[in-house]
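For reference, the structure is listed below as structure tokens.
Heavy-atom basis, side chains included; hydrogens, waters and symmetry copies ignored. These numbers come from a predicted model, not from an experiment.
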Amino acid sequence: EADVPPSRQPGGDLCRLRTGDVAGASGRGPAVDGPDGTPLRQGAADSVHLAHRSAGGGGAGTGTEKEKREQRMNDITTTILKSINSVIAGKEAVVEKVLMAILSGGHVLLEDVPGVGKTTLAVSFARTLGLDTRRVQFTSDTMPSDILGFSVYNRDTGNFDYKPGAVMTNLLLADEINRTSSKTQSALLEAMEEYHVTVDGQTYPLPEPFVVLATQNPIGSAGTQNLPNSQLDRFLIRTSMGYPDAKSQIDILKERHHENPLDKLTAAVSREQLLSLMNDARQVHISDPVYAYVVDLVTATRENEFIEL
């Protein structure tokens, strides 16, 4: 963690930036901790929305409207976190990061060894957010058409009809994304960056919201290959879960002795509520010194002789 220098502390608040959670080389959307260590909201891919509660700073609208909006957002996010933490034991910080990325309109890459709950975390978010969800288990024979869809000739009309692929959904669970070929991995580039896909010269918009929760095994594991930098850059955060502590492992064993906690998860929000939360996140006020610090940090990583792509 790198502390923001005093000259970069708007309103006197101390923000701590976790540079290890930034995916890609563009420096988009670093995670930020507030003065009490509680993670604040993250930035979107194209404009860095670092949540900062500076003295006197705030979003649009009157004080009462702003307070109501913040309270509503806090209530809903608390409900979402509580629901997911009932399944994912001892990983509250990881759950918060993933939720912040989703509210920022970003994509998430979970990287870790098999068996630590990456897929369980992704499925928990899918069920809790109440979104249309599709899951793809990436293997060496997964084809781009499985992701994007394909066109089929219709003899009745004499035209080609588009048959949507797995990408036509709100929440795409891309399991073990680095086990497939580069050709299939590249099928997601357009969708993740531009939120539409092109098949046989026709462009089809993706539904809103569109979020990719991808998992990958460590490089060097059987059947894996590196994701290209262009693919990594599409993810807002790349994080790992790690093994749970001893107490959490005991809780996991007890909870799953008779039933699977995933079976009890229900939608905590609707699609419309989630879109509203994402809009609220974009209204968070950011002071100019915070923007300047982000640019300084990114510039330093680009110009450092010991850092390269």
Side-chain angles (χ1 to χ4, degrees), residues 1-2 16-24 29-34 36-40 42 77-78 80-103 106-129 133 135-139 171-180 211-227 231-232 235-265 268:
E1 294 183 349
R16 292 179 296 174
L17 183 64
R18 292 198 227 116
T19 58
D21 295 330
V22 182
V32 174
D33 285 347
D36 58 354
T38 304
L40 301 178
Q42 286 185 311
T77 54
T78 298
I80 295 173
L81 293 174
K82 182 178 179 181
S83 177
I84 296 176
N85 286 328
S86 68
V87 176
I88 307 298
K91 297 298 176 182
E92 290 80 4
V94 175
V95 173
E96 289 179 357
K97 289 179 187 177
V98 174
L99 179 57
M100 287 188 292
I102 292 175
L103 293 181
H107 309 292
V108 179
L109 179 61
L110 300 171
E111 179 183 33
D112 218 320
V113 296
V116 296
K118 302 186 299 295
T119 302
T120 302
L121 175 63
V123 173
S124 298
F125 268 100
R127 296 187 180 182
T128 301
L129 297 179
T133 306
R135 176 178 174 180
V136 178
Q137 180 67 51
F138 283 85
T139 59
L171 188 59
L172 177 63
L173 305 182
D175 210 6
E176 297 184 308
I177 191 174
N178 63 335
R179 287 188 59 203
T180 193
V211 177
V212 175
L213 290 184
T215 70
Q216 74 168 354
N217 294 327
I219 299 302
S221 302
T224 62
Q225 50 189 316
N226 287 319
L227 291 177
Q231 184 78 54
L232 290 175
F235 292 99
L236 181 62
I237 65 170
R238 177 171 124 186
T239 187
S240 61
M241 296 188 66
Y243 290 110
D245 56 33
K247 180 181 180 303
S248 297
Q249 292 182 58
I250 294 173
D251 291 339
I252 292 172
L253 292 173
K254 287 182 177 179
E255 292 170 354
R256 286 159 174 75
H257 183 61
H258 299 292
E259 60 183 357
N260 187 346
L262 268 175
D263 296 336
K264 298 188 294 183
L265 277 186

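Thr139 contributes atom OG1, which lies 11.0 Å from atom CG of Asp175 (distance to the nearest 0.5 angstrom). With values rounded to the nearest 0.5 angstrom, Glu255 atom CD is found 8.0 Å from Lys264 atom NZ. With rounding to the nearest 0.5 Å, the separation of CG in Leu121 from OG1 in Thr215 is 10.0 Å. Of the inter-residue distances, the one linking Leu109 atom CG with Gln231 atom CD reads 9.0 Å to the nearest 0.5 angstrom. Atom OG1 of residue Thr120 and atom CZ of residue Phe125 lie 12.5 Å apart, to the nearest 0.5 angstrom. Rounding to the nearest 0.5 angstrom, the gap separating the NZ atom in Lys97 from the CG atom in Leu110 is 10.5 Å.
Residues satisfying the side chain to side chain donor-acceptor pair (under 3.5 Å) criterion with Asn85, sequence neighbours excluded, are absent altogether. Under the side chain to side chain contact (heavy atoms under 4.5 Å, CB included) criterion, Gln249 pairs with Pro244, not counting sequence neighbours. Residues passing the side chain to side chain contact (heavy atoms under 4.5 Å, CB included) test with Ser83 are Thr128, Leu265, sequence neighbours excluded. Considering only residues two or more places apart in sequence or on other chains, Arg179 meets the side chain to side chain donor-acceptor pair (under 3.5 Å) condition with Glu176. Under the side chain to side chain contact (heavy atoms under 4.5 Å, CB included) criterion, Ala174 pairs with Phe138, Ile177, Val212, Ala214, not counting sequence neighbours.
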Test side chain to side chain contact (heavy atoms under 4.5 Å, CB included) on Asp263 and Arg127; report intermediate values, then the result.
CA-CA 10 Å; Asp263 296 336; Arg127 296 187 180 182; 4.2 Å; yes
Any chance you could lay out the side chain to side chain contact (heavy atoms under 4.5 Å, CB included) test for Thr180 and Val136, step after step, and finish with the verdict?
CA-CA 11 Å; Thr180 193; Val136 178; over 6 Å; no
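Considering all non-hydrogen atoms of both residues, Ile88 and Gly117 come closest at CD1-O, 4.4 Å.
Each of Leu171, Leu173, Leu172 was scored for a side chain to side chain contact (heavy atoms under 4.5 Å, CB included) with Arg135, with one residue passing: Leu173. Just one residue in the list Val211, Leu99, Val98 forms a side chain to side chain contact (heavy atoms under 4.5 Å, CB included) with Val108, and that residue is Val98.
The stretch residues 106-122 participates, sequence neighbours left out, in these salt bridge (Lys or Arg N to Asp or Glu O under 4.0 Å) pairs: Glu111-Arg238.
Distance alone, capped at 3.5 Å, is enough to place a donor-acceptor pair between the Asn178 side chain and the Asn217 backbone. In this structure, the side chain of Asp245 engages the main chain of Ser248 through a donor-acceptor pair within 3.5 Å. Lys91 places a side-chain N or O within donor-acceptor distance of the main-chain N or O of Tyr243, the cut-off being under 3.5 Å.
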